[in-house]
Number of protein chains: 2
Amino acid sequence: MPDDKSYTCQVRALHEDAVEVARSSSLPDDEVFELARLFKVLGDPTRTRILRALRSGELCVCDISHVLGMSISSVSHQLRVLREHNLVKARREGKIVFYTLADPHVLDLHETALEHVRE
Amino acid sequence: MPDDKSYTCQVRALHEDAVEVARSSSLPDDEVFELARLFKVLGDPTRTRILRALRSGELCVCDISHVLGMSISSVSHQLRVLREHNLVKARREGKIVFYTLADPHVLDLHETALEHVRE
DNA sequence: TCAACACTTGAACAATTGCTCAAATGTTCA
DNA sequence: TGAACATTTGAGCAATTGTTCAAGTGTTGA
């Protein structure tokens, strides 16, 4: 990021004090990244529906596929994403793998967001 | 989505009752979509940092660019996304456009998510 | 040991994303 | 009016995403 005129506005900062306040109260980079990462995982309709489905208790991959009306494969791919981000847990029982919410607390985000979405 | 064996598991559903419960308590499609859409917008580090910066009050595009250390252009592009999703509001004063949070309530999502991220 | 089955995985693909660069707007002030 | 400047916009691009298809793994029971 070069420090020339094309890059930012030409004064050092239009409102230096406001910039300083904003800068000093900003989150550490890693927290910003983690925050965005979590929201990004939540920001897909398929994954949203999987998390909603698991609200009522554990389900196997086949069950989830039926609830969503989607292929086993794509559900499994998304379950992997959710697993990798510690949003769901898997438990194998014979041939069947059961999934549960790793931390139902995460659904608090759904509630808050729904309030916003519903205005 | 064809209804053949390659598509889902071979029984109608492994746990029909659980599937029925999950299905009947699921969100309407449009709410799922809106929910995911909101999280998706929140799920980018640049946009996260913009929203955090605006927490301390209104800033112009140039200010935000300074706080983030990013080009005016990319900040403006992201502000457009935030505007289109009603997360920020713009107010023009002469040559300068000031941005504010459209609904600071949205930052409640940050707080809740930060708790989760921080374990 | 082998077929059946629940699930996972990898490659391939179109679609979407976030950035940069350059050009266009809109506003002020001389 | 025209130059200066804050911001927006559009095209172009590499990178990422979500799905499908086909092949793979792991477990059960005959």
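Scope of the values below: all heavy atoms of this structure, side chains included, with no hydrogens, waters or symmetry mates. Proteins get letters first, then strands, A, B, ... in listed order; numbering begins at 1 in each.
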Without decimals, in angstroms, what is the distance between [X] [atom1] and [N] [atom2]?
X	N	atom1	atom2	answer
B:F33	D:dG18	CZ	P	13 Å
A:L82	C:dT8	CG	P	12 Å
B:L68	C:dC19	CG	P	9 Å
B:R49	C:dC19	CZ	P	10 Å
B:M70	C:dC21	CE	P	12 Å
A:H15	D:dT7	NE2	C1'	14 Å
A:R91	C:dT8	CZ	C1'	18 Å
A:E84	D:dG18	CD	C1'	14 Å

OP1 or OP2 of [N] versus the side-chain N and O atoms of [X]: is any pair under 4.0 Å?
X	N	answer
B:S74	C:dT20	yes
B:S76	D:dT7	no
A:R47	D:dG18	yes
A:K40	D:dT17	yes
A:Q78	D:dT19	yes
B:T46	C:dG18	no

Stepwise, does the side-chain hydrogen bond (donor to acceptor under 3.5 Å, both in side chains) test hold for A:Y99 with A:R91?
CA-CA 6 Å; A:Y99 280 89; A:R91 167 178 84 80; over 6 Å; no
Between [X] and [Y], is any pair of side-chain heavy atoms under 4.5 Å apart?
X	Y	value
B:T48	B:H110	yes
B:L114	A:L35	yes
A:L51	A:L42	yes

Mind running side-chain hydrogen bond (donor to acceptor under 3.5 Å, both in side chains) on A:S73 and A:S76 for me, showing each step along the way?
CA-CA 5 Å; A:S73 176; A:S76 180; over 6 Å; no
Counting distance alone, no hydrogens or angles: does the base of [N] have a donor or acceptor under 3.5 Å from a partner atom on the side chain of [X]?
X	N	answer
A:S73	C:dT8	no
B:H77	C:dT17	no
B:S71	C:dC19	no

*Taking the side chain from A:R37 and the backbone from A:H85, do they hold a donor-acceptor pair closer than 3.5 Å?*
no
Numerically ordered, the residues 93-101 of chain A set in heavy-atom contact under 4.0 Å with DNA chain C is A:K95, A:I96, A:V97, A:Y99
Margin query: Do B:D108 and B:H105 pair up side chain to side chain, a donor and an acceptor below 3.5 Å, judged on atom types alone?
Written below: yes
Lys/Arg N to Asp/Glu carboxylate O, B:E111 vs B:R52, below 4.0 Å
yes
Exercise. Identify whether the distance between the nearest side-chain nitrogen and carboxylate oxygen of A:E34 and B:R118 falls below 4.0 Å.
Key: no
- Task: Anything under 30° is parallel, anything over 60° is perpendicular, the rest tilted; go ahead and classify B:F39 against A:F39.
- Result: parallel
Contacts of A:C60 and B:R92 projected onto DNA chain C by closest heavy atom; the upstream (5') one is A:C60
Among the nucleotides D:dT9, D:dT20, C:dT9, whichever has the atom closest to the side chain of B:R83 is D:dT9
The bend of the helix from C:dT1-D:dA30 to C:dA30-D:dT1, taken between the axes of its five terminal pairs at each end and rounded to 10°, is 10°
Residue pair B:A90/A:G43 against DNA chain D: nearer the 5' end by closest nucleotide is B:A90
